[in-house]
Amino acid sequence: MPRPLKILMSTLLLASSPLLAEVKVVATLSAYASIARDLVGDRGTVTFIARGDEDPHFVKPKPSFALMLRDADLFVTTGLDLELWGPTLVDKSGNTKIRDGQPGFVSVSQGVVLRDIPDSVSRAAGDVHIYGNPHIHTSPIEAKAIAADIAAGLARVDPAGSATYETNLADFDRRLDEALYGKDLLALLPSETLDPLAREGTLIDFLSGRSYEGRPMLDRLGGWLGKGLPFRGEKIVTYHKNWIYFTDLFGLQIIDYVEPKPGIPPSAKHVKELVDEIAAQHVQVLLAAGYFDPTKPQLIADRTGCRAVILPLGPDEQGSYFDLVDDWVDSIAAAFAAGGRS
């Protein structure tokens, strides 16, 4: 369903809802809050529970978080099995309008093509996410689906603001497209053409085989993907499986993980094997989220000469999603440009 129509239908379904003086949005993650802030504009306020340097798997359901949710009009969450603490907080808040299935509940994973959906679930495989990998916001393309879900939720709880949310969503998508591809390429091809190619990993081949006015179309690729061309195809090790949407989009090859299985701390034996593998495959970069203990990644970097790149998975209090992705791309590009030396 086209996004404007999705928002319109949400509005019509709740046209009789009372007008809100101010929309109060609470998001589980700071990345979702940043996107919601761009959409809500001056019609409301946005707060979040888990910081970008905090592991979203293991947030303690504090009473203060339940108080945040008590008066919320909209609760924004991944909607998979990442924030298992979310339903507990909603129950404690006593706010029935933000429960799953109610107008004030938003699952931002709707419309996302999920990766890593397991064929079977067993504790022997570690902390496996049964619905698929939930770290969806690490791909800017999926951020557009996240924004569309939030905009639809805002229109449900605040029908009077639906036109504002539709306008702000269109502006968010435009800015994200320019940040991802650059204005030069978008002048030739719309994001509706580019997005499926980028998501499937065929965009670079598509552009490489074409030219326009005597200039290779690949030369027109700018933005984050343009900055990422120098490290496309490079091998990388990550700590946990929370970068797969990013690495798929930017064409990085994950050869192994610091965790032997998701959520399982690395043993000395696994670290030794990983050190040998990094040396054998000439891996230059080890990527880890900032909420993990940096001791093991740095130890591995020191033993191998690769560079440990430790990055937040979300912006700070008033940070922008765009600044967050800027930081990811620039930091990884700088690590590879430096030859991977720590």
Checklist entry - Arg174 and Asp177: salt bridge (charged side-chain N to carboxylate O under 4.0 Å, His left out), yes or no, with the steps? => result CA-CA 5 Å; Arg174 177 191 57 77; Asp177 287 339; over 6 Å; no
Checklist entry - Excluding sequence neighbours, so at least two apart, what forms side-chain hydrogen bond (donor to acceptor under 3.5 Å, both in side chains) with Asp71? => result none
Next on the checklist: Suppose we screen for side-chain contact (heavy atoms from CB on, under 4.5 Å). Which residues come up paired with Ala179, at least two apart in sequence or across chains?
Outcome noted: Trp224, Phe322
Item to check | Other ILVMFWY residues reachable from Val113 by side-chain steps of under 4.5 Å | outcome: none
Checklist entry - Aromatic rings Trp328 and Tyr321: how do their planes relate, parallel, tilted or perpendicular, breaks at 30° and 60°? => result perpendicular
Checklist entry - Between His240 (side chain) and Pro262 (backbone), is there a donor-acceptor pair under 3.5 Å? => result no
Item to check | Side-chain hydrophobic cluster, 4.5 Å single linkage: members besides Val26 | outcome: Ile49, Val59, Phe65, Met68, Leu69, Phe75, Trp85, Leu89, Val90, Ile98, Phe105
Next on the checklist: My understanding is that only residues two or more places apart in sequence, or in another chain, count here; which of them pass ring pair (Phe, Tyr, Trp, His ring centres under 6.0 Å) with Phe250?
Outcome noted: Phe246
Please report, to 0.1 Å, the donor-acceptor pairs under 3.5 Å made by any side chain of residues 286-294, with sequence neighbours excluded.
residue, atom, partner, partner atom, Å
Tyr291, OH, Asn242, ND2, 2.9
Asp293, OD1, Thr295, N, 2.9
Asp293, OD1, Thr295, OG1, 2.7

Checklist outcome for this item: Residues at least two apart in sequence or cross-chain that pass side-chain hydrogen bond (donor to acceptor under 3.5 Å, both in side chains) with Ser208, listed by chain then number, are none
Next on the checklist: Main chain of Ala31, side chain of Ser34: is a donor-acceptor contact present, judged purely on distance under 3.5 Å?
Outcome noted: no
Checklist entry - Just by distance, do the side chain of Tyr239 and the backbone of Lys296 share a donor-acceptor pair under 3.5 Å? => result no
Checklist entry - Sequence neighbours excluded, which residues qualify as side-chain hydrogen bond (donor to acceptor under 3.5 Å, both in side chains) partners of Asp276? => result Lys272
Checklist entry - Backbone N or O of Ala72 within a donor-acceptor pair of the Asn95 side chain at under 3.5 Å? => result yes
Item to check | Residues forming a side-chain hydrogen bond (donor to acceptor under 3.5 Å, both in side chains) with Thr78, sequence neighbours excluded | outcome: Tyr32, Glu83
Checklist entry - Can you check whether Met217's main-chain N or O pairs, donor with acceptor, with Arg210's side chain at less than 3.5 Å? => result no
Checklist entry - Under the ring pair (Phe, Tyr, Trp, His ring centres under 6.0 Å) test, which residues partner Tyr257, sequence neighbours left out? => result none
Checklist entry - Is Leu188 reachable from Ile204 through a run of I, L, V, M, F, W or Y residues, each pair having side-chain heavy atoms under 4.5 Å apart? => result yes
Checklist entry - Under 3.5 Å, is there a donor-acceptor pair between the Asp195 and Tyr181 side chains? => result yes
Item to check | Nearest non-hydrogen partners of Pro56 and Leu29, listed with the distance | outcome: CB-CD2, 3.6 Å
Item to check | salt bridge (charged side-chain N to carboxylate O under 4.0 Å, His left out) partners for Arg99, two or more places apart | outcome: Asp91
Checklist entry - Residues sharing Leu67's hydrophobic cluster, by side-chain heavy-atom contacts under 4.5 Å among ILVMFWY, directly or via others? => result none
Next on the checklist: Checking Leu80 against Leu114 for the side chain to side chain contact (heavy atoms under 4.5 Å, CB included) test, could you report, in this order, the C-alpha distance in whole Å, the side-chain angles of both residues, the deciding distance, and whether it holds?
Outcome noted: CA-CA 10 Å; Leu80 303 172; Leu114 296 173; 3.9 Å; yes
Item to check | Side chain Gln253, main chain Gly233, donor-acceptor under 3.5 Å | outcome: yes
